[in-house]
2 protein chains.
Amino acid sequence: MGTAEETAGGENVPWGEVTPDAARRLLVAAVDAFAERGYHATTTRDIAGRAGMSPAALYIHYKTKEELLHRISRIGHDKALEILEEAADGPGTAAERLADAVRSFVRWHAERHTTARVVQYELDALGPEHRAEIVALRRRTDAAVRRIIGEGVAAGEFDVPDVPGTTLAVLSLCIDVARWFNTQGSRTPDEVGALYADLVLRMVGAGDPALRARG
Amino acid sequence: MGTAEETAGGENVPWGEVTPDAARRLLVAAVDAFAERGYHATTTRDIAGRAGMSPAALYIHYKTKEELLHRISRIGHDKALEILEEAADGPGTAAERLADAVRSFVRWHAERHTTARVVQYELDALGPEHRAEIVALRRRTDAAVRRIIGEGVAAGEFDVPDVPGTTLAVLSLCIDVARWFNTQGSRTPDEVGALYADLVLRMVGAGDPALRARG
DNA sequence: CCGGCCCCTAAGCGCTTGCTCACCCTCGCG
DNA sequence: CGCGAGGGTGAGCAAGCGCTTAGGGGCCGG
């Protein structure tokens, strides 16, 4: 109690783990700028300006612009992975767990699509070591989805001729939500999550379509 | 006969429509560089260097770096749209046309994934008027897919509760191939096309799964 | 009241960027 | 052979980049 985290607004606030306050303001500004223009097109002056600071202030809290991207990418991937693995390790049939995983993963990508866009599409801008670290996290993401699908096939729930390929496609579908979401509007994250969960169950040939529509 | 296009190697060569030769070499170099590093991280010196020319040579054939991106984007979208509309307007049932469209669209994104990456992911780097022009092309892409799905539903071939949403998901799935293809290897464009055609037929609830597997 | 500490800023350094300009080399034609 | 035109180059400009540094202002314990 009385920790910096609580001072910052509790542990469920989006960037609550980033302290002190000035560092978080800079990071949030960087997420917005990176999502809007891309990493390379964003200047450190722009980030500092959005955070209401001078350009030099950035370097008090972060060594380089790349370190900012890495922090964003790391925290974002941790969160996305946590969401997925929680669903993968939950109770229920493979179909229920897969639907749950897709629903929450997609919802996160839609709700926090500016963060997700940076996390998913600016990976190449990281330095070699930082990129390697993030790639390792992504392999765990892949493994979590593959595990659910594999278990569904083993249990006879799913009909999937190509498990690695279908895993890839499912993840690709979910991740790409970050690219297009809210460029049109008119759909809530919950709606997209529900739609995608249904589509993915169809992709793995899970059970009776009529059951899916009702449940 | 004896036109510049034929001199350049015939009309089926990837960038055969770009003349003169030096302009094409620069454009191909730009595609590679943009795909590898992204538009903003690519310098005009890098593009010219890859084409074996001095930095100044670029400006003989293109007014700005952005014009280069626009030319690439325009030609690429034209080609992608042509592929899709050809399949959409072809003969056969809605299921056959949808499978055909997805198969060829995906194959193009895989085979020419460096071009596709630029075309699909560097749109924001275009100036306002050029972007508007490209966005109009993408609406036609969307319309082509939506038409096939709509016709399949009308004919009772498909079971799709949300036609616009499913259209969006199908296109998103195909487009994202450009992002991940060949970062791992081990899959040919034909294989990915076949896999994705099957997955999409499942998404729209087309017919008997057993029939799909045999056909 | 003050001295040290922590954030922060103004100014600017060294470098790279997109792009330009004066000039040259090559080639077809009379 | 002279010549004009068009594709190419070397050098470099103004602007903007990531990042640094010297110094200032507010807060806090003594």
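Proteins get letters first, then strands, A, B, ... in listed order; numbering begins at 1 in each. Just so it is clear, the values below take in all heavy atoms, side chains as well, and ignore hydrogens, waters and symmetry mates.
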Contacts to DNA chain C from residues 31-50 of chain B, heavy-atom cutoff under 4.0 Å, which residues?
B:Thr42, B:Thr43, B:Thr44, B:Arg45

Rounded to the nearest 0.5 angstrom, the CG-CZ distance for B:Asp124 and A:Arg37 is 11.0 Å

I'd like a list of close polar pairs between nucleotides 7-9 of chain D and the protein, N/O only, cut-off under 3.5 Å.
| residue | atom | partner | partner atom | Å |
| --- | --- | --- | --- | --- |
| D:dG8 | OP2 | B:His61 | NE2 | 2.8 |
| D:dT9 | OP2 | B:Ser54 | N | 3.0 |
| D:dT9 | OP2 | B:Ser54 | OG | 3.0 |

Could you note down all residue pairs passing ring pair (Phe, Tyr, Trp, His ring centres under 6.0 Å) where residues 120-151 of chain A supplies at least one of them, sequence neighbours left out?
A:His70-A:His130, A:Tyr121-B:Tyr121

Are A:Tyr59 and D:dC19 close enough that a side-chain N or O sits under 4.0 Å from OP1 or OP2?
yes

With the threshold set at 4.0 Å, does a side-chain nitrogen-carboxylate oxygen contact exist between B:Arg139 and B:Asp142?
no

Between A:Asp21 and A:Arg24, is there a salt bridge with N-O shorter than 4.0 Å?
yes

Check side chain to side chain contact (heavy atoms under 4.5 Å, CB included) between B:Arg147 and all other residues, then give those that pass, not counting sequence neighbours.
B:Ala88, B:Asp89, B:Glu151

Nucleic acid footprint by protein, nucleotides 23-28 of chain C - heavy-atom cut-off 4.0 Å, B for base, S for sugar-phosphate alone:
------

Less than 3.5 Å apart, which donor and acceptor atoms pair up between the side chains of residues 51-64 of chain A and the rest of the protein, not counting sequence neighbours?
| residue | atom | partner | partner atom | Å |
| --- | --- | --- | --- | --- |
| A:Tyr62 | OH | A:Ala23 | O | 2.8 |
| A:Thr64 | OG1 | A:Glu66 | N | 3.3 |
| A:Thr64 | OG1 | A:Glu67 | N | 3.1 |

Row check, A:Tyr39 ring normal vs A:Lys65 NZ/CZ: under 6.0 Å, within 45°
yes

Check A:Glu36 with A:Arg50, please: is the shortest side-chain N to carboxylate O separation under 4.0 Å?
yes

